[in-house]
> 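Sharing a structure with you now.
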2 protein chains.
Amino acid sequence: MSPDAVKNEDGKERNPFPNSFTDEFRYTIDHRGRVNFPAPFRRALSDESKDRVIVARGMDGCLLVFPKDVWEQRRRDFNKTPYSPQQQRRLQRLLSFGAKESAFDGQGRITLTPRLIELAKLKKEVLIVGMGDRVELWNPDIYEQYISESDQTVESILEEYLTRPGTDMGESADKAV
Amino acid sequence: MSPDAVKNEDGKERNPFPNSFTDEFRYTIDHRGRVNFPAPFRRALSDESKDRVIVARGMDGCLLVFPKDVWEQRRRDFNKTPYSPQQQRRLQRLLSFGAKESAFDGQGRITLTPRLIELAKLKKEVLIVGMGDRVELWNPDIYEQYISESDQTVESILEEYLTRPGTDMGESADKAV
DNA sequence: GCTCATTACCCACCATTACCCACATTATGG
DNA sequence: CCATAATGTGGGTAATGGTGGGTAATGAGC
């Protein structure tokens with residue numbers, strides 16, 4: 001499966017990795033709760049989600065930003081879970097609890113509600129971390145703390161996976177065009 | 001045309017070993033944090049990642065440079081690990097910690113952030129080492145130090161693997177003489 | 001209906017970045 | 001041995017991206 005894409009009909013080059021977010025940015029929140037959304041991430045957004053994202057509570061004290069189409073997909077996925085309809089509804093509500101849909105302003109920023117800011121204990125600065133098809137917002141201090149708590153075991157696991165040449169887990173060799 | 005490229009039927013150059021990096025290079029970082037990326041390595045990049053790489057923290061004090069498609073593959077692989085969701089999240093975050101996506105400029109250079117430069121203790125010079133599907137950046141002094149620390153055990157292991165049958169060279173070397 | 005608080009849209013500034021050109025040096029080919 | 005291309009290094013400059021603030025629309029409360 002490579003949803004990788006096609007060029008646009010207007011000939012403009014499109015991102016070959018839609019909704020794929022990598023690396024970190026450090027921005028400031030202004031007194032109105034506005035946070036810049038990294039320009040590379042904006043460009044990486046799929047056409048369907050060009051201007052709309054959902055900000056929700058994340059795990060371990062961060063906030064999550066989903067492109068709208070990814071969010072909808074997640075929501076639909078709950079219906080495929082083996083749980084009862086009651087439990088599925090509960091899952092959906094937990095997911096949406098505190099979530100806020102947000103649009104970009106002319107400068108590419110989103111506005112966080114006071115509630116979300118409080119949930120993530122955000123102060124003046126935000127760390128924005130690309131995590132594949134979603135983006136995490138962190139209080140930099142908490143993130144630092146979280147990272148430093150990683151024990152030796154996790155780090156050696158990471159090391160092993162990083163150092164492993166090519167991956168035998170995923171299918172490789174589908175490079176032909 | 002370069003010796004490490006072959007021609008496709010359509011006449012375009014294509015590398016027979018995409019995302020395969022060998023050999024060492026020694027370059028300088030300029031005052032803007034720009035480092036040249038070896039021309040043979042640029043040619044070795046897969047078509048998908050021709051223009052984009054990710055620079056991340058590596059083990060033992062070096063930096064890692066991944067072609068974007070390799071990086072994405074690694075990231076997806078974490079979700080297939082037998083570990084708990086919490087651990088998977090931690091792995092993903094550890095992987096992304098400090099990571100920066102970068103594009104090549106017209107001269108084939110990437111720019112390193114001050115943070116990455118500091119992490120790897122890079123001064124004026126960088127040693128660039130091909131390590132299979134990824135590339136390592138080293139402070140040459142630290143690399144030298146690291147190599148010299150290899151003890152007798154490691155060296156004898158290397159010796160054994162170098163001379164072990166399994167390659168034509170090793171085999172014939174064993175039987176000849 | 002009116003007022004006030006909140007939100008959304010707009011413009012302005014400026015540091016940083018990316019793009020461009022220039023040149024020195026090395027490899028390549030005749 | 002010279003000519004030519006390719007590669008590594010440095011720097012100027014226009015464009016982008018991040019930040020702050022003014023002002024018009026929106027909506028809630030009285």
> Rounded to whole angstroms, how far apart are CD on B:E125 and C1' on D:dT9?
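Computing the B:E125:CD to D:dT9:C1' distance gives 13 Å.
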> Answer yes or no: are there more than 12 heavy-atom neighbours, outside B:E125 itself, under 6.0 Å from its atom CD?
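Check passes, neighbour count above 12.
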> So which atom in A:A99 and which in A:W71 form the shortest heavy-atom distance, rounded to 0.1 Å?
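A:A99 and A:W71 have their closest heavy atoms at CB-CH2, 4.0 Å.
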> Above 12 or not: heavy atoms from other molecules or residues under 6.0 Å from CD of A:E149?
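For A:E149, atom CD is crowded (more than 12 foreign heavy atoms under 6.0 Å).
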> Whole angstroms only, please: what is the CZ-P distance between B:R32 and D:dT13?
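The distance from CZ of B:R32 to P of D:dT13 comes to 11 Å, rounded to the nearest Å.
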> Where the side chain of A:R34 meets the backbone of A:L112, is there a donor-acceptor pair that is under 3.5 Å apart?
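Here the side-chain-to-backbone pair does not exist.
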> Tell me if the side-chain of B:R42 makes a donor-acceptor pair with the base of D:dG8, cut-off 3.5 Å, by modelled atom types.
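Check fails, no donor-acceptor contact within cut-off.
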> Mind listing the residues from residues 127-137 of chain A sitting with a heavy atom below 4.0 Å of DNA chain D? Number order is fine.
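Hits under 4.0 Å, by residue number: none.
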> Could you tell me, to 10°, how much the axis swings from one end of the helix from C:dG1-D:dC30 to C:dG30-D:dC1 to the other, five pairs per end?
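Computed from the C1' atoms at both ends, the axes differ by 40°.
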> Looking at B:H31, I'd like to know whether one of its side-chain N or O atoms comes within less than 4.0 Å of OP1 or OP2 on D:dG11.
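True: B:H31 side-chain N/O within range (under 4.0 Å) of D:dG11 OP1/OP2.
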> Could you check how far OH of A:Y27 sits from C1' of D:dG17, rounded to whole Å?
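Those two atoms, OH and C1', are 8 Å apart.
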> Under 3.5 Å, is there a donor-acceptor pair between the side chain of A:E24 and the main chain of A:V129?
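No; zero donor-acceptor contacts below 3.5 Å.
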> Look at A:R43 and D:dT16 and indicate whether a side-chain polar atom (N or O) is within less than 4.0 Å of OP1 or OP2.
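No, no such contact exists.
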> What is the distance from NZ of A:K124 to C1' of D:dG18, rounded to the nearest Å?
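Value for this atom pair: 13 Å.
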> Identify whether the distance between the nearest side-chain nitrogen and carboxylate oxygen of B:D133 and B:R74 falls below 4.0 Å.
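Here B:D133 pairs with B:R74 in a salt bridge, since their nearest N and O are under 4.0 Å apart.
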> Without swapping roles, check the side chain of B:Q92 against the backbone of B:F78 for a donor-acceptor pair under 3.5 Å.
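Answer holds: no.
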> For atom CD of A:Q86, decide whether the heavy atoms of other residues, nucleotides or ligands shown that lie under 6.0 angstrom number more than 12.
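Yes, because the 6.0 Å sphere around CD of A:Q86 holds more than 12 heavy atoms from other groups.
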> For the side chain of B:R57 and the backbone of B:C62, is there at least one donor-acceptor N/O pair under 3.5 Å apart?
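Checking the backbone N and O of B:C62 against the side chain of B:R57, no donor-acceptor pair under 3.5 Å is found.
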> Distance check needed: C:dT16 P versus A:R26 CZ, whole Å only.
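These atoms are roughly 16 Å apart.
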> Between B:F37 and B:F25, is the ring centroid distance below 6.0 Å?
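No, too far apart.
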> Grab the CZ-P distance between A:R34 and D:dG18 for me, whole Å please.
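Result: 14 Å.
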> Specify the separation, in whole Å, of atom CD of B:E101 and atom P of C:dA18.
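Taking CD of B:E101 and P of C:dA18, I get 11 Å after rounding.
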> Contacts to DNA chain D from residues 102-122 of chain A, heavy-atom cutoff under 4.0 Å, which residues?
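Nucleic-acid contacts, sorted: A:Q107, A:R109.
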> Rounded to whole Å, how long is the line connecting atom CZ of A:F25 with atom P of D:dT19?
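Result: 12 Å.
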> Check whether any side-chain N or O of B:R90 sits under 3.5 Å from a backbone N or O of A:Y146 as a donor-acceptor pair, and report yes or no.
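The answer is yes, because a donor-acceptor pair under 3.5 Å joins these two groups.
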